[in-house]
Colleague: 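There's a structure below that I have some questions on.
We name chains A, B, ... by the order of the sequence lines, and we start the count at 1 in each one.
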There are 2 protein chains.
Amino acid sequence: MSKERQLRKQEEVRNTILDAARDIIAKDGIRGLSIRKITNAIDYSPAIIYHYFKDKNEIVETLVREGYERILASIGSVKRNENEPEKEIREAFTRYIAAALESPEYYRAVMLNDDPAVLKRTRLLEKGISERSQTLQMLCSSIQRGVNQGRFTPCDIELTAQILWTSTFGLIIKLMVEKDISRDQVNRLIDHQFTVLFNGIMSRNEV
Amino acid sequence: MSKERQLRKQEEVRNTILDAARDIIAKDGIRGLSIRKITNAIDYSPAIIYHYFKDKNEIVETLVREGYERILASIGSVKRNENEPEKEIREAFTRYIAAALESPEYYRAVMLNDDPAVLKRTRLLEKGISERSQTLQMLCSSIQRGVNQGRFTPCDIELTAQILWTSTFGLIIKLMVEKDISRDQVNRLIDHQFTVLFNGIMSRNEV
DNA sequence: TTATTTCATTGAACACTGTTTAATTATAAA
DNA sequence: TTTATAATTAAACAGTGTTCAATGAAATAA
């Protein structure tokens, strides 16, 4: 009966560590995270970390994955727009951009393989990748629908999806790096980007 | 008379350090660069670094700027195509992509403010930014010409230039991160990206 | 309750990082 | 040869991630 309590206690300490790490990352960034900072914050010895995690990687990975899933989840609730798939796509990307800009640390870590700790993107994205490819699949089906309806120019669906994705990705990173852009300019950039891209993939008579 | 020799000797040692650093970066990345690695390679004591450079930053900055200039230079020699500005733009970007992929470490460091050492993007890009905006200007004038000729849809020139730039940037980073993409797939991505983008900015009757 | 086993926690060390200071060596000028 | 100047270094400091043997406490068995 104390086996449970023991496990619960374990989980509790584990979460305490993660919470502290989350706070530190929020304040000092992933780079600013250190084992001793964590253990100072929670009044433990540095060695304790290795009783609850394999290494520092595992902590960062856990939090980064958490952050990335939050970003991907933002797309999930986009409602289908049967007749105008481009609006559906646009809505999804708009949310995606907003979510990414809200957790820039985590987005960067995943997309850019950024932080020193997380060297093995593969392991980090075991789950993330499947969710991403799922999202990519959604995007593909929207494009396919657009093509079938004659709204979009016939094209290699997956390639087109990747282009949309990549361009959006570039925009996000740009917005992240250049921190001194006005909210207004950000919106104009996003808007114009979509204009060009959709203008590029949509049939002439639909524009 | 030995004043020269002395200065020459200084420059020599400085270059020795930079050469060693360059090698290490090429092998282990900017993250893998350390003062002791450098000094071991050139059989000096770690402290010597601080006689020739202010700190590690200065070394990284020097090399990053060097690498970035090489990348920007790749665009310089693109010949104007009076009647088909889109081809001119495409050629410039194609070279830019190739150059960036040849020095990925440096490109990342400059564009993503990536490496732990270089924290002050401002200082690093003092020159970089002016060169970049010069390049951006070239891009703008090409677009303007396209608009004037009726080949491109009337638009906010600078905004459009930024979109092209940003999208290309996203593509480059994607290609960098996902190392296991075939040369063929890379070309298809680049090709399709341009197709979509130009299709998006060019006038209907020109496509 | 006592003895034993199991688990959580830590102190201390190791190897690495960038950096600084005082001391040392080598080289030039007097 | 002596003096002054510049180049070079040894040693230390504070920080990093990580390991391991020793300690503490709590759960189980006697």
Colleague: May I have the distance from B:Leu7 (atom CG) to D:dA6 (atom P), rounded to whole angstrom?
Modeller: 11 Å
Colleague: Would you check, one step at a time, whether the test side-chain contact (heavy atoms from CB on, under 4.5 Å) holds for A:Ser167 with A:Ile163?
Modeller: CA-CA 6 Å; A:Ser167 301; A:Ile163 297 307; 4.1 Å; yes
Colleague: If you compare every side-chain N and O of A:His51 against the phosphate oxygens of C:dA8 (OP1, OP2), does one of them come in below 4.0 Å?
Modeller: yes
Colleague: To the nearest Å, how far apart are A:Ile35 CD1 and C:dC14 P?
Modeller: 20 Å
Colleague: Quick test of your reading of the model: are B:Arg188 and B:Asp191 salt-bridged, counting only N-O distances below 4.0 Å?
Modeller: no
Colleague: Take the protein atom CZ of A:Arg14 and the nucleotide atom P of C:dT9, then report the distance between them rounded to whole Å.
Modeller: 14 Å
Colleague: Does A:Ile35 offer a backbone N or O that forms a donor-acceptor pair with the side chain of A:Lys56 under 3.5 Å?
Modeller: no
Colleague: Is the closest basic N to carboxylate O distance between A:Lys87 and A:Glu91 below 4.0 Å?
Modeller: no
Colleague: Rounded to the nearest Å, what distance is computed from the CD atom of residue B:Gln10 to the P atom of nucleotide D:dA6?
Modeller: 9 Å
Colleague: Can you tell me how far C1' of C:dT10 sits from CD1 of A:Ile48, to the nearest Å?
Modeller: 8 Å
Colleague: Send over the distance from A:Phe53 CZ to D:dT19 P, rounded to a whole Å.
Modeller: 15 Å
Colleague: Would you say B:Ser45 reaches D:dT8's phosphate, i.e. side-chain N/O to OP1/OP2 under 4.0 Å?
Modeller: no
Colleague: So, is B:Tyr44 close to the D:dT8 phosphate, meaning a side-chain N or O under 4.0 Å from OP1 or OP2?
Modeller: yes
Colleague: Mind checking if A:Tyr52 touches a base, just sugar-phosphate, or nothing, with heavy atoms under 4.0 Å?
Modeller: sugar-phosphate
Colleague: Is any NZ, NE, NH1 or NH2 atom of the basic residue among A:Glu88 and A:Arg145 found under 4.0 Å from an Asp or Glu carboxylate oxygen of the other?
Modeller: yes
Colleague: What is the distance from NZ of A:Lys56 to P of D:dT18, rounded to the nearest Å?
Modeller: 8 Å
Colleague: If each of A:Val13 and B:Arg36 is mapped to the nucleotide of DNA chain C with the nearest heavy atom, which maps nearer the 5' terminus, i.e. the 5' end?
Modeller: A:Val13
Colleague: Mind calculating the distance between CD1 (A:Ile42) and C1' (C:dT10) to the nearest angstrom?
Modeller: 13 Å
Colleague: Requiring both pairing distances under 3.5 angstrom, list the stems that contain DNA chain D and are made of three or more consecutive Watson-Crick or G-U pairs.
Modeller: C:3-6 with D:25-28, C:8-29 with D:2-23
Colleague: Could you check, using the six-membered ring where one of them is a Trp, whether B:Phe169 and B:Tyr96 have ring centers closer than 6.0 angstrom?
Modeller: no
Colleague: Kindly assign one of parallel, tilted or perpendicular to the pair B:Tyr107 and B:Tyr68, based on the angle between their ring planes and the thresholds 30° and 60°.
Modeller: tilted
Colleague: Does OP1 or OP2 of C:dA28 have a side-chain N or O of B:Gln6 closer than 4.0 Å?
Modeller: no
Colleague: May I ask you to say what B:Leu33 touches in the nucleic acid, namely base, sugar-phosphate or nothing, with a heavy-atom cut-off under 4.0 Å?
Modeller: sugar-phosphate
